[in-house]
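All values reported here derive from a predicted model rather than from experimental measurement.
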Amino acid sequence: MLFSTCSRILAMRARHTPPTSITATLNSASQSVASSPHRRRDNHRPKTNVPEGEETYYVLTLRTDAAHHHAMCALRERYYPPALRRVAAHISLFRALPASTLPSLRPDIATAAGRTVVFGIRAVGPPVRMGRGGVGVSVVGLEPADGIVGELRGKWGDVLSRQDRAPFRGHYTLMNKVDDPEKVEKCIEELRKELEPRGIPGTALGLSLWRYDEGWWRHEQDFAFSGTENCGI
């Protein structure tokens with residue numbers, strides 16, 4: 001299984017040699033529009049005693065192979081409003097980890113990643129409406145990620161935000177806060193065709209930690225899954 005997964009990664013890399021790394025893609029997205037004040041909603045704030053505005057937060061995401069990542073970024077860039085597109089396509093596991101507790105969280109992340117073997121995923125249709133003018137696509141094959149979230153949530157429950165304590169539903173948000181119903185409907189229809197019949201396959205290679213900076217994400221650290229060394233990555 002591991003050999004076949006690695007072979008597929010290398011084949012995809014040969015067909016889709018990306019111009020930049022995943023980290024560079026997310027960082028370049030951070031520089032694409034001017035910064036503006038950004039306040040976190042109540043359910044996005046972790047349970048700490050640090051006053052609002054004095055705590056730094058971190059985001060934990062799933063790191064995928066470059067070909068899959070760039071394919072999803074291309075779709076997000078096509079549909080997400082440019083003025084709001086501060087970060088690239090991503091699957092979030094936790095959205096508001098408090099910096100004040102990070103020294104104790106990092107070892108937990110490293111341990112969970114180290115005992116997880118690389119695994120296949122697939123972004124699939126049909127696309128779904130999300131909140132106000134949003135469109136997302138589901139990702140199948142995330143059972144190992146769900147296991148990681150459950151394990152870490154059990155250890156971190158006393159500091160997590162309400163959103164991070166909610167059930168894990170891994171997905172990609174490709175459009176958000178678009179008030180034109182026709183644009184939303186067009187996005188849904190185009191994505192439905194784009195994702196038929198096989199979706200967009202990929203491989204989960206590890207976890208990435210990002211520092212939240214008023215809407216931007218600054219790359220902090222990667223945590224590799226077991227088996228990436230056999231894939232030449």
request  = Identify the heavy atoms of Ala99 and Pro103 that sit nearest to each other, and give their distance.
outcome  = O-CD, 3.8 Å
Audit row: Val59, Trp217, side-chain contact (heavy atoms from CB on, under 4.5 Å) steps and yes/no = CA-CA 8 Å; Val59 183; Trp217 291 7; 3.6 Å; yes
request  = State, without any angle test, whether Glu55 and Ser100 hold a side-chain donor-acceptor pair at a distance under 3.5 Å.
outcome  = yes
inquiry  = Show every ring-ring contact (aromatic ring centres under 6.0 Å, His included) that has at least one partner inside residues 162-195, sequence neighbours left out.
reply    = His68-Tyr172
query = Do Leu60 and Leu97 have side chains that get closer than 4.5 Å, going by heavy atoms?
reply = yes
ask   = Taking C-beta and beyond as the side chain, do Phe225 and Val117 meet within less than 4.5 Å on heavy atoms?
value = no
note = Closest non-hydrogen contact found for Ala123 with Leu195 is O-CD2, 3.8 Å
request  = Walk me through it: do Ser226 and Thr116 pass the test side-chain contact (heavy atoms from CB on, under 4.5 Å)?
outcome  = CA-CA 6 Å; Ser226 175; Thr116 301; over 6 Å; no
ask   = Would you call Glu189-Arg192 a salt bridge at under 4.0 Å N-O?
value = yes
request  = Please lay out, stage by stage, how Thr64 and Ile121 fare under the test side-chain contact (heavy atoms from CB on, under 4.5 Å).
outcome  = CA-CA 9 Å; Thr64 70; Ile121 61 173; 3.8 Å; yes
ask   = With a 4.5 Å heavy-atom cut-off, do His90 and Thr173 have their side chains touching?
value = no
inquiry  = So, taking the atom named CG in Leu209 and the one named CZ in Phe94, what distance separates them when rounded to the nearest 0.5 Å?
reply    = 11.5 Å
query = Hey, are the side chains of Val135 and Val184 touching, using non-hydrogen atoms and a 4.5 Å cut-off?
reply = yes
key: Residue that, paired with His219, satisfies ring pair (Phe, Tyr, Trp, His ring centres under 6.0 Å) out of Trp210, Tyr58, Tyr212   = Trp210
ask   = Is there a path of hydrophobic side-chain contacts, each under 4.5 Å between heavy atoms of I, L, V, M, F, W or Y residues, that connects Leu93 with Val159?
value = yes
ask   = Below 4.5 Å, heavy atoms only, C-beta onward: do Ile109 and Thr111 meet side chain to side chain?
value = no
task = In plain terms, say whether Arg78 and Glu194 are close enough for a salt bridge, that is, a side-chain N and a carboxylate O under 4.0 Å apart.
result = yes
key: Donor-acceptor contact below 3.5 Å, side chain Arg63 vs main chain Ser208   = no
task = To the nearest 0.5 angstrom, please state how far the CG atom of Asp213 sits from the CZ atom of Arg86.
result = 10.5 Å
Return a table of donor-acceptor pairs under 3.5 angstrom between the side chains of residues 147-157 and protein atoms on other chains or two or more places apart.
unit_1 : atom_1 : unit_2 : atom_2 : d
Glu151 : OE1    : Arg115 : NH2    : 3.4
Glu151 : OE2    : Arg115 : NH2    : 2.3
Arg153 : NE     : Asp164 : O      : 3.3
Arg153 : NH2    : Ala166 : O      : 2.7
Trp156 : NE1    : Asp108 : OD2    : 3.0

request  = Check the pair Val139, Val124 against side-chain contact (heavy atoms from CB on, under 4.5 Å), reporting the backbone distance first and the verdict last.
outcome  = CA-CA 6 Å; Val139 181; Val124 298; over 6 Å; no
ask   = After noting the C-alpha distance and the side-chain angles of Glu185 and Arg129, does the key distance pass the salt bridge (charged side-chain N to carboxylate O under 4.0 Å, His left out) rule?
value = CA-CA 9 Å; Glu185 191 58 40; Arg129 296 177 184 272; 2.5 Å; yes
request  = Answer with yes or no whether the hydrophobic clustering places Met130 together with Tyr79; edges join I, L, V, M, F, W, Y residues whose side-chain heavy atoms lie under 4.5 Å apart.
outcome  = no
inquiry  = With a 3.5 Å distance limit and no angle check, can you tell me whether Arg76 reaches the backbone of Val87 through a side-chain donor-acceptor pair?
reply    = yes
message = Return the NZ to CZ distance between Lys177 and Arg132, rounded to the nearest 0.5 Å.
response = 6.5 Å
